[in-house]
Amino acid sequence: MPTFRYRQTEYGNEIEEYFYRSMRSQYGGEGYIMSSLVLSFSGCFFVAIRAQTYTQSEVKQKVIVIGMIFMTFLILQTYVGLYRIKNPYYMCTFFPPHHYTKGPLMRDQGMTI
C-alpha cells in the first residue's frame, strides 16, 4: 500500500495527494494521520483526567483541564475537516448555520405564544 500519491519533479519525488479520492480506498499515510489524531484526542482526555496526579495546585489543575479541553476541540475540528475531504457529503458542523437566529430565547419569536 503506498504511503501517499507521489509525482516525479525535477527536484525529486513530491507528494501530490494525501487523501485518496475514493471513499472505499485509502493511502497508508492517510490512515497514519487519522489514527494519530484519534490517539492524541484520547491522550488529551487521559491527561485531563489525571491532572491531579501531575500537580497539587488547584489552579494548575484547572489550567491543565481547560487546556486539554481546548486541545480536544481543536483536534476534533481537524479530524472532521479531514473527514470531509474524504467524504464531501458529510456537512454536519458543531456551530449553527449563519442564517439561524442567535441570541436569547425571547429574540426568537417562534417560541412564544
Side-chain angles (χ1 to χ4, degrees):
M1 174 185 311
T3 309
F4 298 112
R5 182 176 176 186
Y6 294 97
R7 69 175 169 185
Q8 184 69 32
T9 63
E10 58 194 39
Y11 303 109
N13 285 339
E14 184 178 279
I15 297 175
E16 183 178 10
E17 186 177 51
Y18 287 95
F19 289 89
Y20 200 84
R21 294 297 172 197
S22 173
M23 288 184 277
R24 297 224 172 233
S25 301
Q26 73 177 21
Y27 294 122
E30 177 182 346
Y32 295 139
I33 290 170
M34 298 305 273
S35 63
S36 65
L37 284 173
V38 170
L39 186 64
S40 60
F41 185 83
S42 60
C44 286
F45 273 118
F46 182 75
V47 169
I49 290 169
R50 305 274 301 171
Q52 287 181 335
T53 60
Y54 300 134
T55 181
Q56 299 299 321
S57 170
E58 287 187 26
V59 174
K60 289 181 182 178
Q61 290 173 7
K62 289 178 183 178
V63 168
I64 289 172
V65 170
I66 290 171
M68 290 300 108
I69 290 172
F70 181 70
M71 286 299 296
T72 55
F73 177 75
L74 291 178
I75 292 169
L76 181 64
Q77 293 301 314
T78 304
Y79 185 87
V80 170
L82 294 176
Y83 184 77
R84 285 187 191 144
I85 292 172
K86 189 72 173 177
N87 300 310
Y89 62 86
Y90 183 76
M91 287 298 148
C92 297
T93 62
F94 184 76
F95 302 106
H98 296 290
H99 65 277
Y100 276 21
T101 304
K102 298 177 183 75
L105 185 60
M106 291 305 295
R107 185 170 173 203
D108 184 15
Q109 296 300 314
M111 298 295 284
T112 59
I113 297 178

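The shown structure was predicted, so the numbers you read here are calculated from the model rather than taken from an experiment.
Placement of Leu82 and Leu76 within a single hydrophobic cluster is found when ILVMFWY residues are connected by side-chain heavy-atom separations under 4.5 Å, directly or transitively. The hydrophobic clustering, which links ILVMFWY residues whose side-chain heavy atoms are closer than 4.5 Å, places Ile66 and Leu74 apart. By the criterion of side-chain heavy atoms lying less than 4.5 angstrom apart, applied directly or through intervening Ile, Leu, Val, Met, Phe, Trp or Tyr residues, Phe46 is grouped together with Ile64 in one hydrophobic cluster.
Ring orientation note: the planes of Phe45 and Phe41 are nearly perpendicular, at an angle over 60° on the 30°/60° scale.
Nearest heavy-atom pair, Ala48 versus Met68, reported as atom, atom and distance to 0.1 Å: CB-CB, 3.8 Å. Taking every heavy atom of both residues into account, Met71 and Cys44 meet most closely at CB-SG, 3.8 Å. For the pair Tyr83 and Met34, the tightest heavy-atom approach, listed with the atom from each and the gap, is N-CE, 4.2 Å.
The shortest side-chain heavy-atom distance between Tyr54 and Lys60 does not fall under the 4.5 Å cut-off. With contacts defined as side-chain heavy-atom distances shorter than 4.5 Å, the pair Ile75/Thr78 does not qualify.
Using a distance-only test at 3.5 Å, with no hydrogens or angles considered, a donor-acceptor pair links the side chain of Ser42 to the main chain of Val38. With hydrogens and angles ignored, the 3.5 Å screen pairs no side-chain donor or acceptor of Gln52 with any backbone N or O of Gln61.
The distance from the OG atom of Ser57 to the NZ atom of Lys62 is 9.5 Å, given to the nearest 0.5 Å.
Heavy-atom neighbours of Gln56 CD from other residues, nucleotides or ligands within 6.0 Å: at or below the threshold of 12.
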